[in-house]
Structure formats: structure tokens, C-alpha cells
Novice: 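Okay, handing you the structure first.
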Protein chains: 2
Amino acid sequence: MNLEERKEILKFPKATFERLKLYHALLTQLALEEKREYVLSEEIAEMLRITPEQVRKDFSYLRSTGKPKLGYKISELLDELDELFGTKETENIIIIGAGHLGKALANYKGFKNIGARVAAIFDNDPQKIGTMVGELMVLPLKDIPRVMRRFRVRIAAICVPESAAQEVADMLVGYGIKAIWNFSSRILDVPNDVIVRNEDITRGLLGIKHMLAQKDAEASKEVEAR
Amino acid sequence: MNLEERKEILKFPKATFERLKLYHALLTQLALEEKREYVLSEEIAEMLRITPEQVRKDFSYLRSTGKPKLGYKISELLDELDELFGTKETENIIIIGAGHLGKALANYKGFKNIGARVAAIFDNDPQKIGTMVGELMVLPLKDIPRVMRRFRVRIAAICVPESAAQEVADMLVGYGIKAIWNFSSRILDVPNDVIVRNEDITRGLLGIKHMLAQKDAEASKEVEAR
DNA sequence: TAGATTGTTAATCGATTAACAATC
DNA sequence: TAGATTGTTAATCGATTAACAATC
């Protein structure tokens, strides 16, 4: 990726960038499953539960353009999004913790679609070290610096219990990690120049509960109104 | 939860609601680990990488108030957030798919903190049916309607491969599910009155890659400027 | 009391929606 | 051509930030 492209990435509104990832997933699906060539903003909007205006506005930040009555060429959009997301280059990541979650992540096939690859998985449990997770052997934590150097690892996924998460984070920071993908529910305390992305799953469930409560409230209101 | 409380939930800005979940996690941590009684907006802000003004603004939507110089009483905030999130009532959820991800979810201990409980886990693989995942036995898909009725299940987590996700979603919709917590990367096509929350994990990784690219770009710029 | 911190109101910023011209 | 759809500009809406008074 050259400098110009790097700069270009910066210009998107944050909200648009979030949706671009959704468009990427949906378009991939349409291309593979339905062998579609073109898609209308209206169709995309319906699948993603947003408005067609939103879709067109988002696409207006891209170089790709649609044709009235025909829509957007899926392959063109996908090529541009792939380039934007750096799907071609491979970012090596490591996983700390070989529990169910770590294993699930290590076995995840979708990483290559976004230009990522799991370089190694680590655990401190002697019972797990040496066992296979897909094509990877579980390594002891002491091997982390070696693997990080060898594969130029910048991103680490923390999949250890909440009680060990901060400790692991401290260790990774000491090894010079650039970004932490945090799957524990622990809010980590790390230096500000280290990127942290919290993926604590229960947060999503709270969102669903909230939406269900909203619907219940609306339903009650309607009954009340009679 | 009575009607008044239900209505109250609705009044928060969406962005504030998202952050309330983070506050909940952080405050729980402070209360348990550090036995702290009070916390300043400044401290919360630093841990969550937002501004103290943002924290105070968010808290202004709550009934709890802070004291100048002393800060906010952690237990008071937690009580209010627990009430808000309905942590006391239990929402039964089911998990479809007993692969690594399904198992990770079924074993997750944090559900009770947000008023949720895994009622059952299902798979269609005869090899998996009957095996234990924590305290739950893996059940065949045909048992889904029975379990849904018995435990008044409204939320289902889809943890099956992408290729099976839509099919499973269709089935769940047929059984009257109210919300789908989608862990596959498939964009699901379901009726609009069914809530869908996509938890596709690679999206988070794209966000990290994007932030790293931004930092690289900034670094290049600085070099260039010399 | 003086200084630090909360809480609220006003100003700014950013994102979405509406309106509509351009175009296939 | 007429009608449908894109793409852009302007208007609205919502969220964040700034300013500052209130208060411990």
C-alpha cells in the first residue's frame, strides 16, 4: 500500500467505514451465492436494514459509481473494498489462550478474506501445550517474542479468563505489541499508543435485551392507548 | 419491570446506551478488584479513552449524581445500571451449534451478570448430540420448539458454519424466535420484526487494521514533513 | 475560603435524511 | 420518451465538546 492510498483511507466518516465492512460481507455473499453481477442500493438497504440513501451516500465516498436503473457492479465494489481493507496483504496475528474461544478463533476460516492470518496460538497450561488446533500447535507463552519477531506480529487476540487478561496484556505490551483484540470482559489498562478493541460478547446481548424491552414497551403503549 | 421503567429505558441517546455497558463493566471491576467506593469522571474517562465531560454527560441521564471533589458512588451507579439492564430478571437464550464457538458461549460465566442464562445448546451432528458442554447436554435440533416453549426463549445465538446459518435462521423464525444473535458472517435474511444482531468477529479486526494503517500514515507524514 | 469537580446549557461538529437534478 | 435509479447538495437531526455556574 503506498502513501496516497493510506491517506485515502482516512477520509471516510467513521460510521461509513463501519458500514463498508457490512457491504463487503453482503456483496461477497451476493457474488458467491447468487452469481449476481449488479445490485441496487434499494436491495442492499433492505438486507442491511438501512435506507437506500444511506447506501448511496456511503458509496459516494468510493471511486466506484453505479448506473441509473442498473445499480452497482458488484465485482467493482468488491475490488475497491478489498483494496481499501488491505485484503491482499497479510497481517499476522497471534492468539493468547487455547480455550474454546481461542480455538474457535484459530479455526476461523474467514481471516483470509480480510487479509489476516493466525500465526500462532499460545497457552500456559502444560496439558494444552503441544496439542493441535487445526494446523497450529499450541505453544508456551515464552515463545511469544520469538513468534512476534519472526512473523512481524502487531496484533494479539486475548482469549484468556478475565482474571488473567490484564497480566497477559502487560506482557504483550512489554513485547512491543501494537494492538490488542480483547475478547475478555476485563477493561484493560494499557499505554495509550497501544490500540485496544474490546469484543466482550455480552455487550451485544445487552443490546438485544434493550431492543426487546423497547418492543415490549411499545406493545404495552398500544394496549394502553385503547 | 413495570411500564414506567420500560419507558425510561427508551430515553437514552443510542451512543450513551452503548457506553453505559462499558461503564457497567468497568465499575464492576473497580468494585470487585479494588474495593473502591467512589470514582471520578476523570478516572473513568482515562480507562475508557473518552473525555470526562462525556462521562458526566452520560451520567446526567441517570438518577445517580456525583459529589464535587468526591466523584460518583460506585455501588449507586451499579445498582442503577443493573436495574436498567434488567440484570435481576433472567432471559433464557439458546445456542445453535456446538462447535468451538458454541461451546465457548455455553461456558461463558458472564451471562448471569447481565441477567441472561443459556437454557440449552443444539447441534445436528449425531456425534455431538448427547455430549456434555459444561452442565448442558447437546440436544438435537428437533428439540428446539420444546425448549423454547418450556423456557420462554426469545433469543437464539447462531454458531453454525456460514453455509448453514440462513437455514437455521429460517427454522428459528418458523418457531417464533424474537431475536437472533448471529455469530456467523452470513448476512441473514429474516422478517423485519425479528431483531438481528451481527457479531461477526472479523469486523472488529478490520477496525484494528484500519487504525494501524492510520497510524502508519501519520508516521509517514511526519517523516515526509522533515 | 480556595480549589477541584460535578452538572447543565450553549456551541460545534458530524452523520443522516430530504430534496432534486442528472442520467441511463 | 418516460420512468426508475443514481449522486449531490442542502436541511435536519443527534452527539460531542466547550464554557461555566453550582457545590462540596
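Keep in mind that the numbers below use all heavy atoms, side chains included, and drop hydrogens, waters and symmetry copies. Quick note on labels: first sequence line is chain A, next is B, and so on, each numbered from 1. Fair warning: this is a prediction, and the values are worked out from it, not measured in the lab.
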Novice: Rounding to a whole Å, what distance do you find between A:Leu62:CG and D:dT8:P?
Specialist: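 Going from CG in A:Leu62 over to P in D:dT8 covers 12 Å.
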Novice: Counting the atoms with a prime plus P, OP1 and OP2 as sugar-phosphate, which does A:Thr16 contact under 4.0 Å by heavy atoms, base, sugar-phosphate, or nothing?
Specialist: nothing
Novice: For D:dT5, does OP1 or OP2 lie under 4.0 Å from any side-chain N or O of A:Tyr38?
Specialist: no
Novice: Nearest to the B:Pro68 side chain among C:dG3, C:dT9, C:dT5, which nucleotide is it?
Specialist: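 Closest nucleotide to the B:Pro68 side chain: C:dT5.
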Novice: Does A:Leu40 reach a base, just sugar-phosphate, or nothing at all? Heavy atoms under 4.0 Å.
Specialist: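 Answer is sugar-phosphate: A:Leu40 comes under 4.0 Å of backbone atoms only.
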Novice: Whole angstrom is fine here: how far is it from CD1 in B:Ile50 over to P in D:dT16?
Specialist: 9 Å
Novice: Given side-chain contact (heavy atoms from CB on, under 4.5 Å), test A:Leu205 with B:Phe111 step by step and report yes or no.
Specialist: CA-CA 9 Å; A:Leu205 186 55; B:Phe111 285 131; 3.7 Å; yes
Novice: Please tell me if the side chains of A:Asp200 and A:Asn182 come closer than 4.5 Å, counting only heavy atoms from C-beta onward.
Specialist: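 No - every pair of side-chain heavy atoms lies 4.5 Å or more apart.
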Novice: Which whole-number value in Å describes the distance from B:Phe59 CZ to C:dG7 P?
Specialist: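 The distance from CZ of B:Phe59 to P of C:dG7 comes to 10 Å, rounded to the nearest Å.
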Novice: Under a 3.5 Å limit for both distances, which nucleotide forms a Watson-Crick or G-U wobble pair with D:dG3, could you say?
Specialist: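 Answer to the pairing question: C:dC24, which forms a Watson-Crick or G-U pair with D:dG3.
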Novice: Would you say A:Ile93 and A:Arg117 make side-chain contact, with heavy atoms under 4.5 Å?
Specialist: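 The answer is no, as the side chains (C-beta and beyond) never meet within the 4.5 Å cut-off.
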Novice: Round to a whole Å and report the spacing from CD1 of B:Ile44 to C1' of C:dT5.
Specialist: 13 Å
Novice: How long is the line joining NZ of B:Lys57 and C1' of C:dT8, in whole Å?
Specialist: 7 Å
Novice: In terms of side-chain heavy atoms of B:Arg56, which of C:dG7, C:dA15, D:dT16 is nearest?
Specialist: C:dG7
Novice: Between A:Tyr72 and A:Tyr23, does the ring centre distance come in under 6.0 Å?
Specialist: no
Novice: Heavy atoms from C-beta onward define the side chain here; which of C:dT17, D:dT6, D:dT8 lies closest to that of A:Ser60?
Specialist: D:dT8
Novice: Just how far, in rounded Å, is P of C:dT6 from CZ of B:Arg63?
Specialist: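 After rounding, the reported distance stands at 20 Å.
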Novice: Side chain of B:Pro13 only, heavy atoms from C-beta on: which candidate in D:dT5, D:dA15, C:dT6 is closest?
Specialist: D:dA15
Novice: Starting at atom CG of B:Leu48, determine the distance to atom C1' of D:dT16, rounded to an integer number of angstrom.
Specialist: 16 Å
Novice: Do B:Arg186 and B:Glu167 meet the salt-bridge criterion of a basic N to acidic O distance under 4.0 Å?
Specialist: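 No.
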Novice: For A:Glu53 and C:dA18, give me the distance from atom CD to atom P, rounded to whole Å.
Specialist: 7 Å
Novice: Under a 3.5 Å cut-off for both contacts, is C:dT17 paired Watson-Crick or G-U wobble with anything, and if yes, with which nucleotide?
Specialist: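 D:dA10 is the nucleotide pairing with C:dT17.
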Novice: According to a strict under-4.0 Å criterion, is B:Gln54 in side-chain N/O contact with OP1 or OP2 of D:dA15?
Specialist: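 No, no such contact exists.
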Novice: Counting side-chain heavy atoms from C-beta on, which of C:dA15, D:dT6, D:dC24 comes nearest to B:Lys69?
Specialist: D:dC24
